[in-house]
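Throughout, protein chains are lettered first and strands after them, A, B, ... in sequence-line order, and every chain is numbered starting at 1.
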Amino acid sequence: MEDLRESSMRFFSDQNLCYADIVSPSEVRARIEVTVLNFLRILTAPAPAISDLSLISRDSSNSRVSEGLLTQVSWIFLSHSFCTRSLMRANTAKAFIRVWKVMEMCFRILVQEKRVTQRELFYKLLCDSPDYFTSQLQVNRTIQDVVALLRCSRFSLGIMASSRGLVAGRLLLQEPNQEVVDCSACGSSGHPISGDLSLLEKLVLKTDARYIIVVEKHAIFQRLAEDCIFNQIPSILITARGYPDIATRFLLHRLSRAFPHLPILALVDWNPAGLAILCTFKYGSIGMGLEAYRYACNVKWMGLRGDDLQLISEQSMVPLKQRDLQIAKSLMSSEILQVNYPAPHNLGPFHFSLTTSKKVEPIFWKIVNIVQTGIWQETYREELAVMVERGQRVEIEALYFHGYDYLGKYIAKKIVQANYI
Amino acid sequence: MEGKRSSSERSVLLRKIREFTRTIVEDLSNGRSPIVLIDRFRNYCTNPNAICYCSTDLLNGKETLTLRRESHVHRLDVLLRVLLIVQKLLQENRHGSKRDIYYMHPSVFSEQSVVDRAINDICILMQCSRHNLNVVSVGKGLVMGWIRFLENRRKFDCINRPNMAHPIPVHVEEVKDIVSVARYILVVEKESVFERLANDQFCNANRCIVITGRGYPDIPTRRFLRLLIDKLCLPTYCLVDCDPYGFDILTTYRFGSMQMAYDAKYLRCPEVCWLGAFPSDSEKYCLPQQCLLPLTAQDRKKIEAMLNRCYLQREVPKWRLELELMLQRGVKFEIEALSVHSLSFLSKEYIPSKIQELCSESEFTV
Amino acid sequence: MEFASVHAICLHFISSAIQRCRLSRELCRLSVILKCSPPSDHLVLRISISDTGVGSCLEEFRDLKFSREGIGAEKWDGVLSVRTTSICDNEVYHYQLNLKESASARRLTRLPSNPKNGVKFSGTEVFFSIFESVEVLLPEINAFFQKMLVLRIPNVAYEVVVEHEDASGSRCENLFLANEPYPPPFSASNLERLKSGLEDYVLKHGNNSNKKCGSCFPSLECVKAGSGIACCTEDHRNAGRMMEAIIVISEISETTSCCFRTCGAKSEVFYFKDFSPSAISPSSMKALTSIDWRSYGLTLASIVNQGGHALLEWEGLPPYAHIDIVLHCYHEHKVMIPSVGQKTQLDRNLIKRAVKLAFDDLKEKHAGVLLSAHALKICSYAPDLAKTMAGLILSSDDSGFQEECFSLFGLQFQGVGGEIVEDCIKEKIISIIEMNDRKSHQRSEEVAPFLFRDDCLQELELQEEEYEEGEDASSPLDI
Amino acid sequence: MEFASVHAICLHFISSAIQRCRLSRELCRLSVILKCSPPSDHLVLRISISDTGVGSCLEEFRDLKFSREGIGAEKWDGVLSVRTTSICDNEVYHYQLNLKESASARRLTRLPSNPKNGVKFSGTEVFFSIFESVEVLLPEINAFFQKMLVLRIPNVAYEVVVEHEDASGSRCENLFLANEPYPPPFSASNLERLKSGLEDYVLKHGNNSNKKCGSCFPSLECVKAGSGIACCTEDHRNAGRMMEAIIVISEISETTSCCFRTCGAKSEVFYFKDFSPSAISPSSMKALTSIDWRSYGLTLASIVNQGGHALLEWEGLPPYAHIDIVLHCYHEHKVMIPSVGQKTQLDRNLIKRAVKLAFDDLKEKHAGVLLSAHALKICSYAPDLAKTMAGLILSSDDSGFQEECFSLFGLQFQGVGGEIVEDCIKEKIISIIEMNDRKSHQRSEEVAPFLFRDDCLQELELQEEEYEEGEDASSPLDI
Ligand SMILES: [Mg+2]
Ligand SMILES: [Mg+2]
């Protein structure tokens, strides 16, 4: 039994982090086959058993970090607690079957070398196994289970990911065997970001930009692109049109890795949802499962912030909606705005000065983390508190009060003054 | 480059705006209450048996705005505020979205729909289309297939990779040099179906152009489709969910929407044929029972309202019969339900056979 | 007529004297003399009400009733002396009667007459004594005459004299003497007199001072008056019945005023009947209640009948503004001896019409005053409309167009700031709204052209509208 | 002991006879002879119960009580004749006693003995006459012996003989004669005998036929028996007290059976006490109620005590399935003369333990039987899981992988259909579920191995509830 377990672990042995990998279809198939073999071997062993499926828990309680882990690696922030899908426990038996059903469906799709949408998958499962699947949400959740089980990205499972993301500005993209795309010449609509992560991974990136600007809204993105703001401020514009999808986050992450010296600045609405979007870029969300944390980027909050309210006409301030308050509440209580929560790359100038000396005591890292993260987390919390206190929200468009070209000036000023947190 | 045509259009429009302003100033300086007359259009009425002129784009009465009623004055206030913004946009030759405009005076406008109506009013007053005002929306349409075109100076070479989605350009008036070797245009309601076709390499197997407006189509998508049909003269098929919203989306492509009735002649595509999914398909293709959802009370209400639209009886009585059938059966289903048996069913069998059917039908009737 | 108090009967005698003066076309004098006995003498007050009007025909005393509860035996014995003479009489007749006798049994005792010795004059004196302090009676009489002044009856002068007989001899106090420095011309109509009377009343802080208060009302603009007159024409029996209404809106200059006015937001409606102050009838109260004050921008918070006086309380009236209303009901052709009977329904309609006319008159003469709530609302848009219009003109890149617009307002294009255009437009808009508001009161409101009536627009679909991606649009999971 | 009816006392005498036989280590015979008088003779029934066991010490008759209401004077005069002799006695003693006398006053009348003339034998005969029809008594006696057969006491043979004396003379009917064609070996334990007795009882349709019913039970597989024995060890006073439980689950072959069984879904629990059928005590009823039937996949619908017999009604039991339960309580070392006193709490625990052991024995011997409700539920998922697993294997295009999978089941890759793999997997899964179900009754559950577990990670097993849709999984809130 022990050696069986060992063998099944092999393809994760080189890493300590619970990440979902972008892997080729054949690799996913191999992983599924290993999973099947493992199951069958234990099933037919001399002391047979029905093996449980143990998954990284995506429960919010698992987003907590225990002190002990911090000393090990400075940037693990998804706790490795497992939850199991077991046939033998009545309350998880159905979920157990669902994982296998979805795995089978994905396997078939991969063999056919096709991709499906989540909706199609839902319909297929609905007709195939109505006893187990009754809602899209169940399917979506089970897919995340499979992601957590196989530790491969959802896209790798053969599920289509249409990205809503767009990119524009001083960036040259080249897919293998394709022409170079100049994102500064894509007009106001920008260049769509492909949902195919493996394609994104293969992109050859070139830039002479000095900033990456993450924009919450498509319309603002379109305005900035139409104004060719990237010619005044050498920058790359990127938007996910609201809450970011994996592909957009992946590209941003790739950009941040490829061009580590470019600060990433976010322009979001001044409301809890805006901050939530920013934090999703920064951390991902639990809902994205294992893929969530992988593409965390050190995004800085450029605007809108409480300081900017003086620029905005009183009539543009709208009372907070109930949903805003809900988001604010969960942000407040969420771990990511807690002071002792570590963040990746978020070490600011310290980080760069310290990386040269490789031998740093883990405990020191921990302290740097807490000090560094404490600062911005406190500011973020304060901003959020101001929103709730004022009971008002402001959208980026409110800056148009000063004319349509004001937005560019605003960004330029922010960048010159390094006014971001 | 930025076409001469568009700059002359702008100056014409600016002149119209000044004209409008001067008329009001004149009235005021003479101590007269200014009167703003806004034509009303509708592209259908709710009496299916009426002998009406809904299809002829004739205007349908006028609205009169004066200073006498508060609601009028408010509307006038909004209209003038939006007009001022539009004038600025045109003079600076910038583009703004409806949301941008809303945010110039959010508390006065109070909600987006107020701005939307003002924009429509201005289009009617200035006898132009919305894009002429430099008011654009964020594009959400997608296109792929055997087509190549230029938008401004940007090349959209879909033929190069016919199964790759390209965003439909927002500035459709800048689209030119359209080259296509397609045999037909396929409009699909939703992105997921579009992706299914892309994944199935549908355009490799079929010489066509595929377009989606991702739900209710926005104006650029509809204008782009209109443009393609005008330039390429291709048969156009539309594939929507078999539910009231799918049907409504279908009619939006073909007949235009009520709100944009004043501009319907530039937006509607009478050439659009309904490819599916029909209520009768559930039996024809043996859809499993689980895929059929019962119509909700709201669905029924919507269907009943749509059945009364005069253009259905007049122009597409067959569509109306299918819609009635949907109501009778009391079930709806999504296009995805067709993929239950086989993922490639849609691209390999359903769409080709439906197109075959429509072709032989039209041959027969012709 | 039955009276509940000595005060009431006293005021009635004064009213009667006024009527007799009015019947006389000559300048008349009306004197009220209150003779106080010395303090030792049980507070006997001798009251003499004399006028130089036409003599009394004595009928007026016949129906007087005397409520025992109100007057009480201990206050007055009911004995009344009347001396009267007409211009053509040769002597002054003297009668006595006791009101405590019931009307039917009442006898008019003729006392010896005084010869006139060929002098031509007319007049009446009513005389009686009561056990009452002068301090109790005097304020009411005073107030009565203050109101009388508002009527500005052209040919009557009033005086009230109090004589104190005490140990040191007789002392005379001339408490009230009507003196009008600038009387309206004799040819002025009743309405004009009433209006100028009310204006004066307001300017003199309710006739409480002798001259108009310059600190509160530095200019005439502060007091805006409107008058209306309604006349019964259809009904033959009541033909000639008139209702006059005067409305005065006064604004105390906040900055300059040093007076302390207690009046507050309430308005007392002065009600005159046949040229005498009168209690307001319930039907007139109803009439006041049913007036559409809102269409004059006024919000009536409450209306109370406080001892015969209507008190109107306003809502949202600025603290420095005040409204005064006078109603005067009389017969055009007859001089009436006061009586209780009233044509209630008739009065009600007359009041409403007169008040409406007065309001309209006020609005006509004073632009921007009393705009209807509706027009006020519309006016509130004027600054925005003006700003936007000005914006449309000023932001245009066509200077020819700009020049044209400026010239339409009679403005020089060069060197004129944007605010001037904006103000110009705003004023124009407001004046049009005011004009519309005035017009809308005169003719029945036009049928407004319908804006949103459309059979199929009910089905107005919004879904096609593409809205901006909001945070609500997509949650992080539906990637 | 008090008896409520002649039947009861009659059965008691039979039980006593059985005990005497058991005490004797020899093969014994127990005869019940019912002599009917001719019809003319007032239905006198002479009853003789004789055994060849050890002789009676007569004490057993001392405490017998006789309820007047139950038996009635008219049915029995209470006179009892007893003849008895021990192996070492030289004569057969003869006594008479009258049960109608109260126990204290009762005298044992000794009648003349019969000499045994040197023949060595022992035995007892109880003899009395009642006014009763044999048809009334016989069924109960019959049923009693039917049940006795279940016990399979090795050294006792039973016979019931009815003799009719009528006009034509004496006629003898051998109504019951225990004959067991294949008796269990003499060395078999009581439990084994009881088990084989119950199995036989079931196969013979409740001993209603003489041989096993081949049409209902074509194979031995149809009848599955489990046995359990609980023994009191801790308590010194009760040490050696035994409780045996046998559970037989029988399935009538639906297709081949031509019998008509009325038994239905109810099970009668046979309760033996000291080797005699006995009424069930309330505490034993409670014990039956408190057994966790669900963990054996059974749902108890109701339990009733019907005249001393426990009737269990099941829910959801297939119509062709039947459950028979026997409980036997006795003392390991002593042969007890029946008495009423019972150790209730003790019995209760013994019953529960014995039944549980019987169930476990049954499950151990017969896979798939009496799965717990939980296991049944999980088993219901097995076909789907097997189908999915088979689908995963078969849809792969990696024949190496497929071959490996097949070989794990010992299957040839070539030429084997998908259904075979599927069935193989399904059976495996079910057998493991069953095994776990059995084990789960014996020891606590093992921790299942994790599939993909990093060694460096600490495991923290979360109690994860299965979440259904409804709660919003992915709101922006769970950041
Ligand atoms: Mg749909
Ligand atoms: Mg937002």
When only pairs under 4.5 Å are counted, which of [options] shares the most heavy-atom pairs with chain B?
options                                : result
A:Leu399, A:Val318, A:Leu126           : A:Leu126
A:Gly195, A:Ser188, A:Ala398           : A:Ala398
A:Gln112, A:Lys114, A:Glu179, A:His191 : A:Lys114

Is there a donor-acceptor contact under 3.5 Å linking the side chains of A:Ser184 and A:Asp182?
->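 Note: A:Ser184 and A:Asp182 side chains meet the donor-acceptor criterion.
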
Is it true that the side chains of B:Arg223 and B:Ser129 contain a donor and an acceptor less than 3.5 Å apart?
->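 No.
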
Pick one of side chain, backbone, both or neither for [X], based on which atoms fall under 4.5 Å of a heavy atom in chain B.
X        : result
A:Ile109 : side chain
A:Arg223 : side chain
A:Glu120 : both
A:Asp128 : neither
A:Glu314 : neither

Rounded to the nearest 0.5 Å, how far does CZ of B:Phe109 lie from OH of B:Tyr103?
->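 If we round to the nearest 0.5 Å, B:Tyr103:OH and B:Phe109:CZ are 12.5 Å apart.
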
Knowing that exactly one of A:Leu200, A:Leu166, A:Thr239, A:Leu203 qualifies, which makes a side chain to side chain contact (heavy atoms under 4.5 Å, CB included) with A:Ile193?
->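 Among A:Leu200, A:Leu166, A:Thr239, A:Leu203, the one that satisfies the side chain to side chain contact (heavy atoms under 4.5 Å, CB included) with A:Ile193 is A:Leu200.
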
Matching residue for B:Lys332 among B:Asp299, B:Asp243, B:Asp281 - test: salt bridge (Lys or Arg N to Asp or Glu O under 4.0 Å) |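 Result for salt bridge (Lys or Arg N to Asp or Glu O under 4.0 Å) with B:Lys332: B:Asp299.
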
Between the main-chain N or O of A:Phe230 and the side-chain N or O of A:Arg170, is there a donor-acceptor pair closer than 3.5 Å?
->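 Checking the backbone N and O of A:Phe230 against the side chain of A:Arg170, a donor-acceptor pair under 3.5 Å is found.
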
